Amino acid sequence: MGHYLDNAATTPMRPEAVAAMLPLLTEGFGNPSGAHRLARAARQVLDDAREVVAEALACLPGEVVFTAGGTEADNLAVRGVVEARGGRPLCSAIEHHAVLEPVEHLGGVVAPVGADGRIDLERLEGLLDPDITLVSVMAANNETGVVQPLADVVEVVRRRAPRAAVHTDAVQAACWLDPGAYAAGVDLLSISAHKFGGPKGVGALVVRAGVEVAPLLRGGGQERDRRSGTQNVAGIAAMAEALRLAALERADEGARLAALRDRLVDGLVAALDGVVETGVVDGDRGHKLPSIAHLCIEGVESEALIFLLEKEEVLVSAASSCASGAMEPSHVLVAMGYDRALAFGSLRLSLGRTTTEADVDAALAAIPPAVERLRRGPRR
Ligand code: PLP
């Protein structure tokens, strides 16, 4: 596997989640909507998984809608609420594209963030009006790891846009933050199994009782008419097991990874000039997920750096994407006010359950010489 430091992109599946999944792919393959014993057994698996997910997300089982991942859960929240209520959506400028694109598609409003990567509450207040029916602010950002002040967002929305439901994309946060604390008062919440040791293509949207969402998918009426289509029973059972274990281990793992993350970032900042850690104010990492180290490195382009690091078996990511042949800086860094040149040097090192001291050592050994080599430019 090499030194895998890209857990915010996806995580290896937990063995316990694989074990939960396998029998449901073989003998336990029933369709949970049917009537015979195989179908009833599959329905029982689904009911049990729904209870586990509800407990982990501090909601009722009937409020859990299983989806085919985080993107679908986000789309269902934004499009489903706006179709049901009319009006317009609003989201923060640093949302994942799974929120940003549907909001923009519906003619919605995009609210700015400050240089620290947190939503600007005053400007949010100014943008809210009674025509806004859905406000989406992510629990924690997938590039910077910055945690958003959700309780304050809920308070402002209730006051200024009383028709609006509040959605949070908790895809990155679910593993690391306690939803009972950070998402209290939120109406809708998205998760995705592959970010916490479950399989890809499985997720859930919590839809609080009384909040109506128009379905994206119509058909057999599964998930109480909110999401038609035969459920991915094996994937859902695996997600439930992964989420249950992540919640159990959250405090210990969070502390372990925060210490590793600190050693990693502090080591890189000490070894290199021109390194900026994003989302940190006066050295305070209190608003960052323990799992994400995010840096902007002057004088390098992250694509080239990633390539050099891969040769040393250190697997990391950048946030800029190559769209239609032209490099675009990350919309998150642009929203935070970073200039393009610095934004092109962004590097995300994301830690997870399988990350060890040796992975951090390898990154600390590989990154400074790679950066220096790139800064010197091509050999003549
Ligand atoms: N939202 C956030 C914050 C994410 O990081 C991701 C995945 O990168 C998604 C949504 C999309 O989730 P999925 O890959 O399950 O569609």
Side-chain angles (χ1 to χ4, degrees), residues 13 17 20-57 59-86 89 98-99 101-102 105-106 133-134 136 165 167 169-171 174 187-195 198-244:
M13 271 187 75
M21 196 166 184
L22 287 180
L24 302 167
L25 297 172
T26 50
E27 67 270 24
F29 63 89
N31 183 328
S33 298
H36 51 69
R37 77 183 153 71
L38 271 178
R40 287 197 306 276
R43 188 152 62 248
Q44 188 62 53
V45 169
L46 205 55
D47 289 347
D48 292 348
R50 203 181 299 280
E51 285 200 9
V52 171
V53 171
E55 166 135 21
L57 298 179
C59 68
L60 301 171
E63 296 175 329
V64 176
V65 179
F66 292 122
T67 66
T71 301
E72 187 193 326
D74 285 346
N75 271 263
L76 178 57
V78 176
R79 293 160 61 190
V81 169
V82 173
E83 192 184 70
R85 295 188 180 186
V99 168
E101 299 265 332
H105 183 72
L106 291 167
T133 45
L134 186 276
S136 186
H167 167 246
D169 173 337
V171 166
D187 302 302
L188 304 116
L189 178 146
S190 310
I191 62 164
S192 174
H194 73 103
K195 307 292 184 177
K200 293 169 186 57
V202 193
L205 179 68
V206 173
V207 182
R208 290 287 184 192
V211 176
E212 202 193 326
V213 284
L216 300 179
L217 300 179
R218 294 173 191 274
Q222 288 91 342
E223 300 296 296
R224 298 191 185 177
D225 279 332
R226 294 166 297 187
R227 200 281 185 184
S228 285
T230 302
Q231 291 94 340
N232 175 355
V233 179
I236 289 167
M239 170 167 72
E241 181 63 353
L243 187 60
R244 184 182 74 79

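The model shown is predicted, which means the values in this text are computed figures rather than measured ones. We count residues from 1, following the sequence as given.
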Trainee: State the CG-CG distance between Leu134 and Leu106, to the nearest 0.5 angstrom.
Mentor: 9.0 Å
Trainee: Which pair of non-hydrogen atoms, one from Ser192 and one from Val171, has the smallest distance, and what is that distance?
Mentor: CB-CG1, 3.9 Å
Trainee: Kindly write out the residues that satisfy side chain to side chain donor-acceptor pair (under 3.5 Å) with Ser190, not counting sequence neighbours, or none if the list is empty.
Mentor: Asp74, His167
Trainee: Hey, is the main chain of Gly86 close enough, under 3.5 Å, to the side chain of Thr133 for a donor-acceptor pair?
Mentor: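 Present.
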Trainee: For the backbone of Gly229 and the side chain of Gln222, can you confirm whether one donor and one acceptor N or O come within less than 3.5 Å of each other?
Mentor: yes
Trainee: Evaluate the criterion side-chain contact (heavy atoms from CB on, under 4.5 Å) for residue pair Leu46 and Ile236; output intermediate values, then yes/no.
Mentor: CA-CA 7 Å; Leu46 205 55; Ile236 289 167; 3.7 Å; yes
Trainee: Mind checking what makes side chain to side chain donor-acceptor pair (under 3.5 Å) contact with Glu51, not counting sequence neighbours?
Mentor: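 Listed in chain order: nothing, the list is empty.
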Trainee: Checking Asp48 now: which residues fulfil side chain to side chain donor-acceptor pair (under 3.5 Å) with it, not counting sequence neighbours?
Mentor: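 With sequence neighbours excluded, Asp48 shows a side chain to side chain donor-acceptor pair (under 3.5 Å) to Gln44, given in chain and number order.
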Trainee: Compare every heavy atom of Ser228 with every heavy atom of Gly219, then report the nearest pair and how far apart it is.
Mentor: N-OG, 3.0 Å
Trainee: Return the OG1 to CG distance between Thr230 and Asn232, rounded to the nearest 0.5 Å.
Mentor: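 The OG1 atom of Thr230 sits 10.5 Å away from the CG atom of Asn232.
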Trainee: Apply side-chain contact (heavy atoms from CB on, under 4.5 Å) to the pair Val53 and Leu57, showing each step before the final yes or no.
Mentor: CA-CA 6 Å; Val53 171; Leu57 298 179; 3.7 Å; yes
Trainee: For Asp225, which residues count as a side-chain contact (heavy atoms from CB on, under 4.5 Å) partner, sequence neighbours excluded?
Mentor: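 Not a single residue meets the side-chain contact (heavy atoms from CB on, under 4.5 Å) criterion with Asp225.
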Trainee: For the residue pair Asp187 and Ala165, what are the closest heavy atoms and their distance?
Mentor: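 Closest pair (atom of Asp187, atom of Ala165, distance): OD2-CA, 3.3 Å.
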Trainee: According to salt bridge (Lys or Arg N to Asp or Glu O under 4.0 Å), who are the partners of Arg218, at least two apart in sequence or on a separate chain?
Mentor: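 Residues passing salt bridge (Lys or Arg N to Asp or Glu O under 4.0 Å) with Arg218: Glu83.
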Trainee: Rounded at 0.5 Å granularity, tell me how far CG in Leu205 sits from CG in Asp169.
Mentor: 10.0 Å
Trainee: Which atoms form the tightest heavy-atom contact between Val211 and Val207, and what is the distance?
Mentor: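 Answer, listing the atom of Val211 first, then Val207: O-CG1, 3.3 Å.
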Trainee: May I have all residue pairs that pass salt bridge (charged side-chain N to carboxylate O under 4.0 Å, His left out) and include part of residues 22-40, sequence neighbours excluded?
Mentor: none
Trainee: Where do Ala20 and Ala238 come nearest, in terms of heavy atoms and distance?
Mentor: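 In terms of heavy atoms, the two residues are closest at CB-CA, 4.2 Å.
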Trainee: Checking Arg43 now: which residues fulfil salt bridge (Lys or Arg N to Asp or Glu O under 4.0 Å) with it, not counting sequence neighbours?
Mentor: none
Trainee: Give the C-alpha distance, both sets of side-chain angles, the deciding distance and a yes or no for side-chain contact (heavy atoms from CB on, under 4.5 Å) between Val65 and Val213.
Mentor: CA-CA 11 Å; Val65 179; Val213 284; 5.8 Å; no
Trainee: For a quick test of reading the model, state the closest non-hydrogen atom pair linking Ala68 to Arg227 and the distance between them.
Mentor: CB-NH2, 3.6 Å
Trainee: For residues 204-216, which residue pairs qualify under salt bridge (charged side-chain N to carboxylate O under 4.0 Å, His left out), counting only residues two or more places apart or in two chains?
Mentor: Glu63-Arg208
Trainee: Excluding sequence neighbours, so at least two apart, what forms salt bridge (Lys or Arg N to Asp or Glu O under 4.0 Å) with Arg50?
Mentor: Glu223
Trainee: By side-chain contact (heavy atoms from CB on, under 4.5 Å), which residues pair with Ala193, not counting sequence neighbours?
Mentor: Phe196, Pro199, Val202, Met239
Trainee: Determine whether Glu72 and Leu217 satisfy the following criterion, side-chain contact (heavy atoms from CB on, under 4.5 Å), listing intermediate values before the conclusion.
Mentor: CA-CA 10 Å; Glu72 187 193 326; Leu217 300 179; 4.2 Å; yes
Trainee: Just to verify, what does Arg79 make a side chain to side chain donor-acceptor pair (under 3.5 Å) with, not counting sequence neighbours?
Mentor: Asn75
Trainee: What residues, two or more places apart in sequence or in another chain, satisfy side-chain contact (heavy atoms from CB on, under 4.5 Å) together with Ala54?
Mentor: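 Listed in chain order: Cys59, Pro61, Val64.
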Trainee: Could you tell me the separation between the CG atom of Leu189 and the OG atom of Ser136, rounded to the nearest 0.5 Å?
Mentor: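 If we round to the nearest 0.5 Å, Leu189:CG and Ser136:OG are 10.0 Å apart.
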